[in-house]
Student: 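Here it is: the structure, laid out below.
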Amino acid sequence: MTTEEVLINKFGPLLTLSQVASLLDRSPEGLRLTIRGDNELGKKLKIARIKIGRRVHFKVQLVARLLDGCSSDA
């Protein structure tokens, strides 16, 4: 099973900020600061981000690529 398949089976097609923070072993507030910052991880997470109303979610496909160490541009 790929990372993407495992994440989809566990969480569904979208991840919450708390779920992504847990996967990256960070606090949700620390992840928010990372996303706001000017760094490589923050830029990749911004690409995966989707806002639904006031809530922020992340595409599983792009987060899985990030966890696997691949470029999200591929």
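Side-chain atoms are counted along with the backbone in the values below, which use heavy atoms only and exclude waters and symmetry mates. Numbering starts at 1 and runs along the sequence shown.
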Student: Is Leu62 close to Leu66 at the side-chain level, that is, under 4.5 Å between some pair of heavy atoms?
Tutor: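 No - every pair of side-chain heavy atoms lies 4.5 Å or more apart.
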Student: Donor-acceptor pairs are to be reported for all side-chain atoms of residues 12-19 against protein atoms at under 3.5 Å, with residues two or more places apart or in another chain.
Tutor:
unit_1 : atom_1 : unit_2 : atom_2 : d
Thr16  : OG1    : Gln19  : N      : 3.2
Thr16  : OG1    : Gln19  : OE1    : 3.4
Gln19  : OE1    : Thr16  : N      : 2.8

Student: If you measure from CG on Asp68 to OG1 on Thr3, what distance do you get to the nearest 0.5 Å?
Tutor: 3.5 Å
Student: Side-chain donor-acceptor contacts of residues 46-61 below 3.5 Å, not counting sequence neighbours, with atom names and distances?
Tutor:
unit_1 : atom_1 : unit_2 : atom_2 : d
Lys46  : NZ     : Ile35  : O      : 3.4

Student: Enumerate, atom names and distances included, each donor-acceptor pair closer than 3.5 Å involving a side-chain atom of residues 20-31, sequence neighbours excluded.
Tutor:
unit_1 : atom_1 : unit_2 : atom_2 : d
Arg26  : NH1    : Thr34  : OG1    : 2.9
Ser27  : OG     : Gly30  : N      : 3.0
Glu29  : OE1    : Arg32  : NH1    : 3.3

Student: Do you know which of Glu4, Glu5, Lys10 makes side-chain contact (heavy atoms from CB on, under 4.5 Å) with Ile8?
Tutor: Glu4
